[in-house]
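A short write-up of the structure that comes next.
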There are 2 protein chains.
Amino acid sequence: MKKYAYGVDLGGTTVKIGLFETSGNLVKSWEIPTRKDNGGELIIGDIADSLGQGLGDEKISMEEVEGIGIGVPGPVLDESVVNKCANLGWGVVDVAKEMAELTGMENIKVGNDANVAALGEMWQGGGKGHKNVVMVTLGTGVGGGIIVGGKIVPGAFGAGGEIGHMQVNKAETMTCGCGKKGHLEQYASASGIVRRAQELLNESDRPSMLRDAQYISAKEVFDCAKKGDDMSLEIVEFVGEKLGTALALISCVVDPEVFVIGGGVSKAGQMLIDVIQKNFAKTAFHASAGAAFELAKLGNDAGMYGAVKMVL
Amino acid sequence: MKKYAYGVDLGGTTVKIGLFETSGNLVKSWEIPTRKDNGGELIIGDIADSLGQGLGDEKISMEEVEGIGIGVPGPVLDESVVNKCANLGWGVVDVAKEMAELTGMENIKVGNDANVAALGEMWQGGGKGHKNVVMVTLGTGVGGGIIVGGKIVPGAFGAGGEIGHMQVNKAETMTCGCGKKGHLEQYASASGIVRRAQELLNESDRPSMLRDAQYISAKEVFDCAKKGDDMSLEIVEFVGEKLGTALALISCVVDPEVFVIGGGVSKAGQMLIDVIQKNFAKTAFHASAGAAFELAKLGNDAGMYGAVKMVL
């Protein structure tokens with residue numbers, strides 16, 4: 001194995017680039033803007049230029065680089081081809097091939113950003129020491145990544161780990177962003193938590209600290225719950241019940257050693273872990289009930305770490 | 001690769017042994033009884049003896065054998081150790097190690113029988129040509145096996161593919177064999193289908209061909225449904241709804257190319273496939289909605305085929 005490798009986390013606004021030692025040590029990281037002009041045709045060239053510049057600054061030659069891993073916000077086939085990525089303006093783009101042509105590097109692997117972040121957390125984050133990990137990302141939406149035997153499960157149609165779209169409530173009348181109803185994302189995302197709070201606030205005059213909040217956010221709900229606010233505690237329980245139920249279903253499929261909980265909502269910390277784990281234990285199949293629950297540790301760097309891990 | 005390999009399907013009553021060419025061709029197969037005396041201590045020796053005899057009969061030497069794969073009816077760790085197998089009387093048994101000592105063979109792999117059958121169906125059965133397969137076995141219970149990238153997903157606690165214990169009905173009051181409630185197995189197994197029929201027959205005087213049946217079985221329900229019996233059609237729809245919903249949930253986790261439906265209930269054929277697929281399409285995430293549905297093709301031989309595939 002050569003001494004260095006690159007991990008690239010390509011997002012809709014910025015590209016995070018990490019130069020790593022192949023031992024896992026992050027040498028340095030930086031960001032460049034994601035230029036989406038003309039259907040995103042500049043993006044891969046911009047990244048290739050920045051990778052070359054990064055090596056130049058450190059007086060490292062491309063011959064010392066083991067490979068380049070890239071996480072992208074869309075479905076990926078064969079660790080190479082991105083199939084429609086609205087956030088970047090892309091249609092079908094063979095990212096690995098284009099990057100190989102620009103850099104002369106052969107070992108290039110591309111993965112979906114949520115899956116790649118899961119791999120990063122397995123390697124150096126909340127799932128460290130494990131090979132069978134399910135990552136749950138609770139942000140604006142709910143994403144996920146499934147790692148089995150140390151490898152990403154991308155899925156046959158690029159939908160591996162799309163756990164936000166598991167139906168957890170058949171009776172739901174509101175529609176998920178994907179067009180169907182009753183999906184986990186509608187309850188356990190930051191916006192789902194806010195929606196639940198607004199429903200409870202509107203349906204009665206029941207007192208709650210949330211009524212004094214300037215702005216209802218998922219963070220506000222957890223903060224008020226920690227202060228003992230009854231309505232906020234009810235919302236936290238509701239979110240935990242939906243998540244615990246969904247994760248128990250996942251255990252019947254891939255039976256992970258550990259669930260790693262990340263994303264903005266996970267800043268609620270141990271209270272969130274506890275309520276998920278309690279509800280998981282209620283419905284999990286007995287053999288899987290011993291799965292561990294950990295908070296994600298790498299934050300926004302998980303994508304860079306997972307990206308580089310793909311090529312090591 | 002050597003010319004031959006063994007696939008062994010160790011069941012609670014009989015052991016099925018297949019001598020294969022490593023190309024996939026079954027040379028011959030036979031059965032021996034599973035002797036469960038004294039905590040099943042004779043089983044591995046019996047199999048080793050029979051494997052040796054099978055080679056002798058064909059004038060093949062052990063040096064020409066690539067390996068021995070073994071499917072067992074219990075949870076398996078590290079492709080080697082069975083952890084409690086009530087059907088055989090076993091506690092913790094290192095099957096691969098014991099078999100290696102008795103046969104002098106190094107390449108020995110052990111897998112859970114449902115997972116191994118899934119691998120067999122992927123290799124030579126309903127999932128042939130695919131690497132990402134979910135097998136659903138509808139028998140007395142509901143079992144499953146998850147194949148990702150051509151390999152079994154055993155799970156960290158040996159519960160990979162335990163899809164019969166996915167909770168699909170929170171409101172259920174009856175208890176599943178595992179002690180929890182509302183699991184897929186309670187509705188989609190042969191016994192679950194019979195239970196549903198009995199509930200409908202008892203709750204009113206509604207006419208049905210099922211009232212003329214000497215004995216209500218899952219087969220009887222599908223047979224009457226095919227003749228247009230309204231109540232039987234309702235039961236088939238009920239089963240399809242529960243299965244379709246569960247398989248859509250599975251797609252959000254591992255996103256397979258194909259679901260292979262096997263076990264005794266699958267003898268109902270295309271009617272079963274159609275009702276599962278229709279209900280799957282209703283709730284599946286759009287990216288995964290194109291998954292194929294196939295009937296299992298290897299019947300009781302799937303275990304032998306999958307077992308040998310593990311060592312190839």
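Order of the sequence lines fixes the chain letters, A, B, ..., with proteins taken first and strands second; residue numbering starts at 1 for each chain. Values in this document were obtained by computation on a predicted structure and should not be read as measured data.
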Fill in the blank from the handout: Closest non-hydrogen atoms of B/A156 and A/P256, given as atom of the first, atom of the second and distance, are CB-C, 3.7 Å

Handout entry: For chain A, the option from B/C176, B/A284, B/G182 that forms the most heavy-atom pairs under 4.5 Å
Key = B/A284

Enumerate, by atom name, each donor-acceptor pair separated by under 3.5 Å where one atom lies in chain B and the other in chain A.
residue	atom	partner	partner atom	Å
B/A156	N	A/D255	O	2.7
B/A156	N	A/D255	OD2	3.2
B/F157	N	A/D255	OD2	2.7
B/G158	N	A/D255	OD2	3.1
B/A159	N	A/D255	OD2	2.7
B/G161	N	A/C252	O	3.3
B/G161	N	A/V253	O	2.9
B/E162	N	A/C252	O	2.9
B/K170	NZ	A/E241	OE2	3.0
B/K170	NZ	A/T245	OG1	3.1
B/K180	NZ	A/A281	O	2.9
B/K180	NZ	A/K282	O	3.4
B/K180	NZ	A/A284	O	2.7
B/E241	OE2	A/K170	NZ	3.0
B/T245	OG1	A/K170	NZ	3.0
B/C252	O	A/G161	N	3.4
B/C252	O	A/E162	N	2.9
B/V253	O	A/G161	N	2.9
B/D255	O	A/A156	N	2.7
B/D255	OD2	A/A156	N	3.2
B/D255	OD2	A/F157	N	2.7
B/D255	OD2	A/G158	N	3.1
B/D255	OD2	A/A159	N	2.7
B/A281	O	A/K180	NZ	2.8
B/K282	O	A/K180	NZ	3.4
B/A284	O	A/K180	NZ	2.7

Exercise for the section: Side chain from CB out, backbone as N, CA, C, O: work out which of these in A/A246 comes under 4.5 Å of a heavy atom of chain B, or both, or neither. Expected result: neither

Exercise for the section: Using a cut-off of under 4.5 Å on heavy-atom pairs, state which of B/V253, B/V153, B/V258, B/I250 scores highest against chain A. Expected result: B/V253

Problem - chain A contact via B/A289 - which portion, at a heavy-atom distance below 4.5 Å - result: neither

Exercise for the section: Counting only heavy atoms closer than 4.5 Å, note whether A/I146 contacts chain B via side chain, backbone, both or neither. Expected result: side chain

Practice task
Identify the two heavy atoms, one from B/F285 and one from A/A159, that lie closest to each other, and give their separation to 0.1 Å.
Solution key: CD2-CB, 4.2 Å

Fill in the blank from the handout: Residues passing the side chain to side chain contact (heavy atoms under 4.5 Å, CB included) test with A/A117, sequence neighbours excluded, are A/A302

Practice task
May I ask you to test the B/V148-A/V148 pair for a side-chain heavy-atom distance under 4.5 Å?
Solution key: no

Problem - Toward chain B, the part of A/P154 with a non-hydrogen atom under 4.5 Å - result: backbone

Handout entry: Contact class of B/L249 relative to chain A, heavy atoms under 4.5 angstrom
Key = both

